[in-house]
Visitor: 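My structure is below; once you've seen it, I'll send some questions.
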Amino acid sequence: MVLYFESRVVDPPITIYMGRDKFENEDLIKYGFPEDFHVDKLSSAHVYVRLRPGQTWDDIPEEVVEDCAQLVKANSIEGNKRNNITVIYTPWSNLKKTPGMETGQVTFFNHKKVRRVHVERRINEIVNRLNKTKQERQVDLMAEKIQRDKIDRKKAREDEFAMKEEARKLSEAKHKAEKEINELFDESRMHSNWRAHEVEDINAAEEDFM
């Protein structure tokens, strides 16, 4: 079962979720979404944020990060008893699983993409607010991941097609402009009206003279 919460400090609310135990944590590590981010420290729950497609961890408000950090602290046997702890967080794509690691344990591909937030103490108002939104769901994480990957691939194809179509239109416009310029300066099509005007003026002058 996966526990889902809503952080309503922002509008629209942001979904936060975590596994009940280390085995579910393992599945969350495996089947995260590209924009998810992972919060962890000490021996605790792995808390994730489900952002909207296209958002990154840089888009997460500080209030939501604090909500996540409070959940991590509240769901850590050791951390919940201590003050002044540090919670680390990183994008899901930065989670690294190596052979020999314990169930639910992770490291990181790039430690420069790991941020830290200081939690001075447990704030019951935050924990209680989040717990009021808690829902326990039986979900097929792998199926959700497969469906999301299909959506991402479809969007990638649509974006690629749009880029090619835009490039085609720009190319056509460029060729049209070049053709018009070449035709404008085509010597075979260029002529002068100067001599014709000159002849007409001379004929008119002769008629007036006569």
Side-chain angles (χ1 to χ4, degrees), residues 1-97 102-108 113-145 147-148 151:
M1 302 293 285
V2 179
L3 302 178
Y4 288 86
F5 305 82
E6 274 195 349
S7 176
R8 297 173 179 171
V9 293
V10 292
D11 187 24
I14 287 180
T15 298
I16 301 172
Y17 64 101
M18 66 182 187
R20 291 191 66 90
D21 53 40
K22 64 182 180 179
F23 299 102
E24 288 181 346
N25 284 341
E26 193 75 14
D27 286 339
L28 295 180
I29 294 167
K30 188 175 181 180
Y31 299 118
F33 283 16
E35 64 274 0
D36 287 355
F37 88 27
H38 167 272
V39 188
D40 189 20
K41 190 62 176 176
L42 302 172
S43 175
S44 69
H46 292 219
V47 174
Y48 291 83
V49 174
R50 176 62 46 86
L51 298 177
R52 291 181 294 278
Q55 288 187 311
T56 71
W57 69 328
D58 291 319
D59 300 317
I60 301 172
E62 291 183 6
E63 298 89 343
V64 177
V65 173
E66 183 177 22
D67 278 3
C68 293
Q70 286 291 328
L71 273 181
V72 169
K73 177 174 172 58
N75 288 276
S76 169
I77 296 175
E78 181 183 356
N80 197 37
K81 299 175 182 177
R82 295 168 49 184
N83 291 331
N84 296 310
I85 67 168
T86 298
V87 171
I88 60 176
Y89 63 102
T90 190
W92 169 81
S93 58
N94 194 40
L95 298 180
K96 181 181 180 181
K97 190 78 178 176
E102 294 183 8
T103 301
Q105 185 180 8
V106 293
T107 183
F108 310 106
K113 294 181 70 176
V114 176
R115 295 176 182 173
R116 291 164 174 79
V117 56
H118 176 253
V119 182
E120 181 179 354
R121 61 182 177 84
R122 171 173 170 148
I123 302 177
N124 287 324
E125 293 83 356
I126 294 178
V127 177
N128 292 338
R129 167 171 54 79
L130 291 169
N131 280 333
K132 287 179 181 179
T133 71
K134 181 170 68 175
Q135 294 183 7
E136 189 170 352
R137 305 178 200 165
Q138 183 70 47
V139 294
D140 188 335
L141 294 171
M142 183 173 69
E144 283 190 347
K145 176 65 172 175
Q147 181 61 28
R148 174 54 192 273
I151 294 173

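Note that this is a predicted model, so its numbers are computed, not measured.
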Visitor: Restricting to non-hydrogen atoms, name the atom on Thr56 and the atom on Leu51 that form the minimum distance, rounded to 0.1 Å.
Guide: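 Closest approach of Thr56 to Leu51: O-CD1, 3.4 Å.
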Visitor: Hey, are Arg122 and Asn124 close enough side-chain-wise for a donor-acceptor pair under 3.5 Å?
Guide: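 Looking only at side-chain atoms, Arg122 and Asn124 do form a donor-acceptor pair, the distance falling under 3.5 Å.
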Visitor: Where the side chain of Ser76 meets the backbone of Lys73, is there a donor-acceptor pair that is under 3.5 Å apart?
Guide: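 No: the side chain of Ser76 does not pair with the backbone of Lys73.
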Visitor: Measuring from Ile126:CD1 to Leu71:CG, what's the distance to the nearest 0.5 Å?
Guide: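 Spacing of CD1 (Ile126) from CG (Leu71) equals 9.5 Å.
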Visitor: Out of curiosity, Lys96 NZ to Thr90 OG1, how far, rounded to the nearest 0.5 Å?
Guide: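 Taking NZ in Lys96 and OG1 in Thr90, the distance rounds to 13.0 Å.
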Visitor: What pairs with Arg115 under salt bridge (Lys or Arg N to Asp or Glu O under 4.0 Å), at least two apart in sequence or on another chain?
Guide: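 With sequence neighbours excluded, Arg115 shows a salt bridge (Lys or Arg N to Asp or Glu O under 4.0 Å) to Asp58, given in chain and number order.
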Visitor: Report the distance from atom OG1 of Thr103 to atom CD1 of Ile29, rounding to the nearest 0.5 Å.
Guide: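 Separation between the atoms: 9.0 Å.
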Visitor: For Gln70 and Arg121, indicate whether the former's side chain and the latter's backbone hold a donor-acceptor pair under 3.5 Å.
Guide: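 Yes: the side chain of Gln70 pairs with the backbone of Arg121.
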Visitor: As an exercise, state the distance from OG1 of Thr107 to CG of Asn94, rounded to the nearest 0.5 Å.
Guide: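 Reported value, rounded in 0.5 Å steps: 8.5 Å.
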Visitor: Given side chains that start at C-beta, do those of Tyr89 and Val72 come closer than 4.5 Å, heavy atoms only?
Guide: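 A side-chain contact under 4.5 Å is absent here.
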Visitor: Are Lys30 and Lys97 close enough, and set up right, to give a side chain to side chain contact (heavy atoms under 4.5 Å, CB included), and what steps lead you there?
Guide: CA-CA 9 Å; Lys30 188 175 181 180; Lys97 190 78 178 176; over 6 Å; no
Visitor: How far apart are the closest heavy atoms of Ala69 and Val117, and which atoms are they?
Guide: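 That closest heavy-atom pairing would be CB-CG1, 4.0 Å.
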Visitor: Can you name the closest pair of heavy atoms from Asn80 and Ala74 and give their distance?
Guide: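 Heavy atoms only, the tightest pair is OD1-CA, 3.6 Å.
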Visitor: Which heavy-atom pair separates Asn83 from Glu120 by the least distance, and what is that distance?
Guide: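 For Asn83 versus Glu120, the nearest heavy atoms are CB-O, 3.1 Å.
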Visitor: To check you understand the geometry: which heavy-atom pair defines the closest contact between Trp92 and Tyr48, and what is its length?
Guide: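 The answer is CD1-CE2, 4.0 Å.
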Visitor: Is the number of heavy atoms from other residues, nucleotides or ligands under 6.0 Å of Glu136 CD greater than 12?
Guide: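 Above 12, so yes.
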Visitor: Taking all atoms of both residues into account, what is the closest heavy-atom pair of Arg116 and Thr86, and its distance?
Guide: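 Looking at all heavy atoms of both residues, the shortest contact is CB-CG2, 3.7 Å.
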Visitor: What donor-acceptor contacts under 3.5 angstrom involve side-chain atoms of residues 4-14, with partners at least two apart or in another chain?
Guide:
residue : atom : partner : partner atom : Å
Glu6    : OE1  : Arg8    : NE           : 2.9
Glu6    : OE1  : Arg8    : NH2          : 3.1
Ser7    : OG   : Asp67   : OD2          : 2.7

Visitor: Among Arg50, Arg137, Lys134, Gln135, whose side chain to side chain donor-acceptor pair (under 3.5 Å) with Tyr17 holds?
Guide: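 Passing option: Arg50.
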